[in-house]
Protein chains: 2
Amino acid sequence: MKTLTPKQQALFTLLNEIGIISQLSSARFERMLPHGLTVAQFSVLNHLVRLEGDWSPARLAAAFQVTKGTMTSTLQRLVAKGLISLEPDPSDGRAKHVKLTEAGGVAREAALAAAGPSLGELNAALSPAEIDALIPSLQKLRIWLDKHR
Amino acid sequence: MKTLTPKQQALFTLLNEIGIISQLSSARFERMLPHGLTVAQFSVLNHLVRLEGDWSPARLAAAFQVTKGTMTSTLQRLVAKGLISLEPDPSDGRAKHVKLTEAGGVAREAALAAAGPSLGELNAALSPAEIDALIPSLQKLRIWLDKHR
DNA sequence: ACTATATAGTTCGGTATCAAACCAAAGGAG
DNA sequence: CTCCTTTGGTTTGATACCGAACTATATAGT
């Protein structure tokens, strides 16, 4: 039976764990969110609140590392819920501006309030020190993957 | 503007990085796989080769931490490709046995050969020591999430 | 034995995601 | 100015995934 080298095996295990954690944590998070918000939708709302500036669908897609098509879909759902609006960019006929609506701001606050406690529970699983230790390595990995796709 | 506590913020960042890595690495991996195999499908084949014993859909779902419905769907696609077969369990009228076919074994070998090198490239992003350091913490997190869902 | 509960598996409706193909507008090279 | 390439956005088709509802079988409690 063919197998992977130990190095490859370790990487495979790592990515496997990461995939499962991603799944479980998204599902967990989503169950907390009000208004039928999904993680992807909440992330966009949160992003718009936290980071000032003009955000186009393309910039958002790049920020979240998803394809333009995926972002189109997520934005359409947010528009349908009245949480954002898409406006034409006067200086570029192709582009659009993504704008948070009043309702979008409110929904984001509510989601934050609902999800924060659930996030806190995770401290039982991992100490703050462990969390801080994990982040830089994962960022390195994420950046490498982004650069080499 | 409402924000998260620093602790919550760190956890949020962590889960965010994990989500993006999961996405990017699955997409990368999948592009390498032959026969239109997906990561989910390959994982099942690989699992059946590496771990002896009888595997039912329910056991596989638990092992991969997905719902039974998700596993049903993945297994149906593998059956359609002729890579596994589902057989009734003589001792339990509800259960089934998942069996790898010849073609399944071959496909798994081919996938391994195709994907191994791509996995190796990741060593450029993270040293073996970093990888080994990451795994235990992530496992702790995964196990906690599994237990508390 | 009968009933209630738990477990195995499927199906359904919805969202996210990708890749690929497409259109329209912008920018650069001649 | 015209052609070519790049960029912004949408659409389509496929897969994975969840949660919830459902059927059928098994097991436990009384």
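Chain identifiers are assigned alphabetically (A, B, ...) following the order of the sequence lines, protein sequences preceding nucleic acid strands; residue numbering begins at 1 within each chain.
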Q: Answer with yes or no whether the side chains of S137(B) and Q139(B) bring together a donor and an acceptor at under 3.5 Å.
A: no
Q: Whole angstroms only, please: what is the CG-C1' distance between L24(A) and dG19(D)?
A: 14 Å
Q: Map R28(A) and Q76(A) onto DNA chain D by nearest heavy atom, then report which one ends up closer to the 5' terminus.
A: Q76(A)
Q: Please report, rounded to the nearest Å, how far the C1' atom of dC18(D) is from the CD atom of Q23(A).
A: 9 Å
Q: What is the distance, to the nearest angstrom, from the CG atom on L37(B) to the P atom on dC18(C)?
A: 19 Å
Q: Heavy-atom nearest nucleotide on DNA chain D for R31(A) versus R94(B): which residue maps closer to 5'?
A: R31(A)
Q: For the base of dG9(C), is there a side-chain donor-acceptor partner from K96(B) under 3.5 Å away?
A: no
Q: Figure out the CZ/P separation between F29(B) and dC18(C), and round it to whole Å.
A: 17 Å
Q: If the cut-off is 4.0 Å, is S56(A) near the phosphate of dG8(D), judged by side-chain N/O to OP1 or OP2?
A: no
Q: When you check the gap from the basic side-chain N to the acidic O, do R28(A) and E121(A) get nearer than 4.0 Å?
A: yes
Q: Are any of the side-chain heavy atoms of N123(B) and I131(B) separated by less than 4.5 Å?
A: yes
Q: Just checking W55(A) against H97(A), ring centres under 6.0 Å apart?
A: no
